[in-house]
Structures are given as C-alpha cells and as structure tokens.
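Written below as structure tokens is the structure these notes are about.
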Amino acid sequence: VGDPLTLSGDWRRLLEAAWTARDAFHVAAASHGGSPVGERLEGQQIVIDAALEHCGDLARCGQRLLTQLKAFQPRRLRRDLLLERGRNRHGDRAAALARQLDDVERLRGEIGRVRLQLEHQVHDMRTAAWRASTLRSGVTDEPDVALAELLDDLAHLRDALVEVERPAPRAAAVS
C-alpha cells in the first residue's frame, strides 16, 4: 500500500485516513470474536484491504501528477505566453506555449479526478468501519438491519473497486 510519510499534503492526509478506516474496521470485526457477525466481518476484511491498496495507488498517482504539474511551472508559462503574444500573436512559440498551458489544464483536471476518487474511497471505507463498529453481536432470530446495510455498503465498495480498475480512456498525452 505504501507509507503515507512518503507523500505530502492532501495525498498523505487521505492515505492516513484510509489506513485509520481499515484499522477501525479490523478492530470492529475482532470485537465480535467468533460470533457469526464477527466471521462475516472477517470475511469482508479482504474488501477493505483491497480498498486500502487502491487508496495507496490513487495517492501515489496524485502525488506523481502534482510533481509533473509543478515541473511545468504554470505561472512562468502564462507570463511567457503573454509576452510572446505581445511580440507575435500568431507565432509558433506562442502556439507552443498555448498548447503547454492546455496540457497544464488537462493535468489539473486529472489531479482533481484522482483526488475525488480517493476522497470517495476513503469515505466509503470510513462508513464501512463505522457501520461495523455499530453492529450488535447478539444472536437473535430476526435479521440484523445494520448488518444487511453494512454488507450492502461493502458490496457497493467492491463494485466501485471493479469500476475504478477498468482501464479508463486515456487523455491526450501530456508533453
């Protein structure tokens, strides 16, 4: 999954939150012991672990994209484009700078998309951990609504992981 300390900013904060949610789910599952509820939660731990791994991938990807964005030096590009347009509005250099700024905007959009995916994943993990912690472990004849809701949430999380793992159409290559 990766060490959150290798990341910075929001990427670190979100990956730490994912680790915390994973640990909280594990503690909740363990608190039910060998009861049927505890066994079902232990069986679902693999979904939470996969979600944590996916969070690590998203956080590293976001950090890498942010590093690429900084390498473009967007402020300098804008300044150079303004100067170049003042000299020769339709020149090749002005067109090249404008294309680079377009690449910067696409890269910003991709960073936003990755951050949003990571935030959703962490939210889903936190929700699953919270619901697992609120389950009752007493054996009764009536179905446990909270357990059913948790299992639905975990199924949703599993489906979201499958959806995200599908290869997305690639944006135009960033120069």
Handout entry: L41 side chain reached by L135 side chain, heavy atoms, under 4.5 Å
Key = yes
Handout entry: Pairwise side-chain contact, W11 with L118, heavy-atom cut-off 4.5 Å (strictly under)
Key = yes
Handout entry: Closest non-hydrogen atom pair between A18 and M125, with its separation
Key = O-CE, 3.3 Å
Exercise for the section: Apply salt bridge (charged side-chain N to carboxylate O under 4.0 Å, His left out) to R131 and list each qualifying residue two or more places apart in sequence or on a separate chain. Expected result: E149, D153
Fill in the blank from the handout: On a heavy-atom basis, the closest approach of A28 and H32 is O-CD2, 3.0 Å
Handout entry: Spacing of I48 atom CD1 and E53 atom CD [to the nearest 0.5 Å]
Key = 13.5 Å
Completion exercise
Taken in chain and number order and not counting sequence neighbours, the residues that satisfy salt bridge (charged side-chain N to carboxylate O under 4.0 Å, His left out) with R75 are none
Completion exercise
Scanning both residues in full, the closest heavy-atom pair of L154 with F25 reads CD1-CZ, 4.1 Å
Fill in the blank from the handout: What one should report as the nearest heavy-atom pair of C55 and L15 is C-CD1, 3.9 Å
Exercise for the section: Would you confirm whether H120, through its side chain, and L116, through its main-chain N or O, come within 3.5 Å as a donor-acceptor pair? Expected result: yes
Fill in the blank from the handout: Residue pairs passing the salt bridge (charged side-chain N to carboxylate O under 4.0 Å, His left out) test with at least one member in residues 11-32, sequence neighbours excluded, are D10-R13, R22-D49
Handout entry: Close side-chain approach of K70 to L66, heavy-atom, < 4.5 Å
Key = yes
Practice task
Heavy atoms only: give me the nearest A24-A129 pair and the separation to one decimal.
Solution key: CB-CB, 3.9 Å
Handout entry: All salt bridge (charged side-chain N to carboxylate O under 4.0 Å, His left out) counterparts of R64, not counting sequence neighbours
Key = none
Handout entry: Inter- and intrachain pairs under salt bridge (charged side-chain N to carboxylate O under 4.0 Å, His left out), touching residues 27-45, at least two apart
Key = none
Problem - CG on L101 to CZ on R106, rounded to 0.5 Å - result: 11.0 Å
Exercise for the section: Give a yes or no on this: more than 12 heavy atoms of other residues, nucleotides or ligands lie within 6.0 Å of atom CZ of R126. Expected result: no
Handout entry: Closest non-hydrogen atom pair between L69 and V104, with its separation
Key = CD1-CG1, 3.6 Å
Problem - Residues which pass salt bridge (charged side-chain N to carboxylate O under 4.0 Å, His left out) with R79, listed by chain and number, not counting sequence neighbours - result: none
Exercise for the section: Flag the pair E119 / H123 as yes when at least one side-chain heavy-atom distance between them is below 4.5 Å, and no otherwise. Expected result: no
Handout entry: Main-chain N/O of S8 paired with Q63 side-chain donor or acceptor, under 3.5 Å
Key = yes
Problem - Value rounded to 0.5 Å, distance of CD in Q68 from CD1 in I111 - result: 8.0 Å
Completion exercise
So CG of L65 and CZ of R108: to nearest 0.5 Å the spacing works out to 13.0 Å
Exercise for the section: Calculate, to the nearest 0.5 Å, the distance between atoms CZ and CG belonging to R93 and D80 respectively. Expected result: 5.5 Å
Exercise for the section: First locate atom CG of D124, then atom CD of Q121, and finally report the distance between them rounded to the nearest 0.5 Å. Expected result: 6.0 Å
